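For reference, the structure is listed below as structure tokens.
Values in this document were obtained by computation on a predicted structure and should not be read as measured data.
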Amino acid sequence: TDDPRPLGPYGVTKLAGTRAVLAVGADLGLRASVLRIFNPVGAHSPRSTLPGRLAHLLRTVGKDEPLVVGPLESFRDFVDVRDVAAAVLACIGAVNSAGCVYNIGSGQAIGSRELAERLTRVAGFSGGIREEGRSSNRSDGLAWQQADIARAARDLRWSPRHDLADSLRDLWRYAT
């Protein structure tokens with residue numbers, strides 16, 4: 001419900017997309033809603049995401065070589081892909097969701113370093129993690145991200161059911 005204040009081009013385009021969907025829906029009399037998906041993780045996570053990139057690197061680096069990644073100081077809200085799918089279905093079935101924006105996340109911020117360490121344990125990796133380079137352009141200036149999922153819980157009767165440990169196990173299972 002807060003006024004959006006995007007920090008960069010990525011956020012500006014996401015906000016423009018949200019406004020366009022809601023405006024077209026209203027103009028055409030459609031039940032248009034927007035699900036603002038935070039950081040999905042699970043089976044088949046693409047390399048464009050931190051979890052997907054980490055899984056790819058873990059597959060390609062030697063077991064005792066260091067895993068070289070960018071800075072991991074940010075905190076993000078990671079949500080299981082199955083919970084995202086359940087949110088989509090809940091929104092489709094909701095009667096009063098038209099014109100609303102719903103945050104879809106776990107409702108918890110997890111450190112990117114913790115995510116990386118947890119995935120290395122799942123993978124049985126012992127080479128350590130070395131942070132080099134710069135962060136993603138999408139992440140610049142955004143140290144903490146956590147979804148307030150109260151509206152989705154109230155209106156859609158949706159809440160996440162899968163924890164990060166399950167998501168990381170699925171990510172690794174399908175990455176190997």
Side-chain angles (χ1 to χ4, degrees), residues 2 7 10-11 14 33-61 63-92 101-176:
D2 290 348
L7 297 175
Y10 179 75
K14 300 269 289 191
S33 301
V34 173
L35 299 181
R36 187 177 290 141
I37 311 299
F38 277 60
N39 296 275
V41 60
H44 308 293
S45 291
R47 286 188 221 172
S48 59
T49 67
L50 175 61
R53 187 169 51 257
L54 289 169
H56 170 73
L57 291 171
L58 284 166
R59 273 195 344 237
T60 58
V61 71
K63 208 164 181 72
D64 294 319
E65 297 175 32
L67 185 66
V68 180
V69 297
L72 296 172
E73 66 266 353
S74 65
F75 286 75
R76 296 290 179 261
D77 188 325
F78 295 98
V79 59
D80 190 281
V81 294
R82 293 165 291 193
D83 290 325
V84 172
V88 170
L89 293 175
C91 190
I92 290 169
V101 177
Y102 296 101
N103 292 330
I104 304 302
S106 68
Q108 299 176 357
I110 301 291
S112 296
R113 186 174 293 109
E114 179 183 343
L115 175 97
E117 290 168 351
R118 289 173 72 173
L119 185 57
T120 60
R121 284 194 297 275
V122 167
F125 179 75
S126 58
I129 299 171
R130 189 170 71 221
E131 298 175 48
E132 290 181 359
R134 56 184 306 268
S135 63
S136 158
N137 288 339
R138 289 185 350 191
S139 302
D140 284 345
L142 187 59
W144 183 281
Q145 185 185 63
Q146 181 175 336
D148 178 351
I149 58 176
R151 177 183 266 180
R154 182 188 66 236
D155 294 359
L156 307 179
R157 306 242 186 283
W158 173 87
S159 62
R161 300 202 188 299
H162 301 277
D163 66 11
L164 185 57
D166 290 339
S167 305
L168 294 176
R169 279 192 294 273
D170 284 350
L171 170 61
W172 185 245
R173 183 179 308 120
Y174 286 96
T176 55

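- Closest of all the heavy-atom pairs between Pro40 and Val84 is CB-CG2, 4.4 Å.
- Taken from CG in Leu67 to CG in Leu57, the straight-line distance is 5.5 Å, to the nearest 0.5 Å.
- Considering only heavy atoms from C-beta on, Pro160 comes within 4.5 Å of Ile149 through its side chain.
- In this structure Arg121 satisfies the side chain to side chain contact (heavy atoms under 4.5 Å, CB included) test together with Glu117, Arg118, sequence neighbours excluded.
- Nearest approach of Leu58 to Ala123, heavy atoms of both residues: CD1-CB, 4.1 Å.
- The shortest heavy-atom contact between Pro71 and Glu132 is CD-O, 4.1 Å.
- A side-chain contact (heavy atoms from CB on, under 4.5 Å) with Trp158 holds for exactly one of Ile104, Leu89, Val88; it is Ile104.
- Salt-bridge formation is detected for the pair Arg82/Asp170: a Lys NZ or Arg NE/NH1/NH2 atom is positioned less than 4.0 Å from an Asp or Glu carboxylate oxygen.
- From Leu72, atom CG reaches atom CG of Leu50 across 6.5 Å, with rounding to the nearest 0.5 Å.
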message: Under the criterion side chain to side chain contact (heavy atoms under 4.5 Å, CB included), I'd like the reasoning laid out for Lys14 against Arg36: C-alpha separation, chi angles, the key distance, then a yes or no.
response: CA-CA 9 Å; Lys14 300 269 289 191; Arg36 187 177 290 141; 5.7 Å; no
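- To the nearest 0.5 Å, atom CZ of residue Arg169 and atom CG of residue Leu164 are 9.5 Å apart.
- Without hydrogens or angle criteria, Trp172 side chain to Ala43 main chain gives no donor-acceptor distance under 3.5 Å.
- For the residue pair Arg76 and Asn39, no side-chain donor N or O sits within less than 3.5 Å of a side-chain acceptor on the partner.
- Evaluation of the side chain to side chain contact (heavy atoms under 4.5 Å, CB included) rule for Pro46 yields Ser48, Thr49 as partners, not counting sequence neighbours.
- Across every non-hydrogen atom of Leu171 and Gly42, the tightest pair is CD1-O, 3.4 Å.
- Nearest heavy atom pair, residue Glu73 against residue Arg113, reads N-NH2, 4.3 Å.
- Taking OG of Ser167 as the start and CG of Asp83 as the end, the distance is 7.0 Å to the nearest 0.5 Å.
- Here the CG atom belonging to Leu119 is positioned 10.5 Å from the CZ atom belonging to Phe125, to the nearest 0.5 angstrom.
- Counting only distance, with no hydrogens or angles, the side chain of Asp77 and the backbone of Ala109 share no donor-acceptor pair below 3.5 Å.
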- prompt: Step by step, would you call Phe75 with Gln145 a side chain to side chain contact (heavy atoms under 4.5 Å, CB included)?
  reply: CA-CA 6 Å; Phe75 286 75; Gln145 185 185 63; over 6 Å; no
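- Leu115 has its side chain within reach of Leu168: a pair of non-hydrogen atoms, C-beta onward, lies under 4.5 Å apart.
- Counting only residues at least two apart or in different chains, side-chain hydrogen bond (donor to acceptor under 3.5 Å, both in side chains) contacts with residues 147-157 comprise Tyr102-Asp155.
- Ser112 places a side-chain N or O within 3.5 Å of a backbone atom of Ser74 that can act as its donor or acceptor partner.
- Within the 4.5 Å cutoff, side-chain heavy atoms of Pro51 are placed close to those of Phe78.
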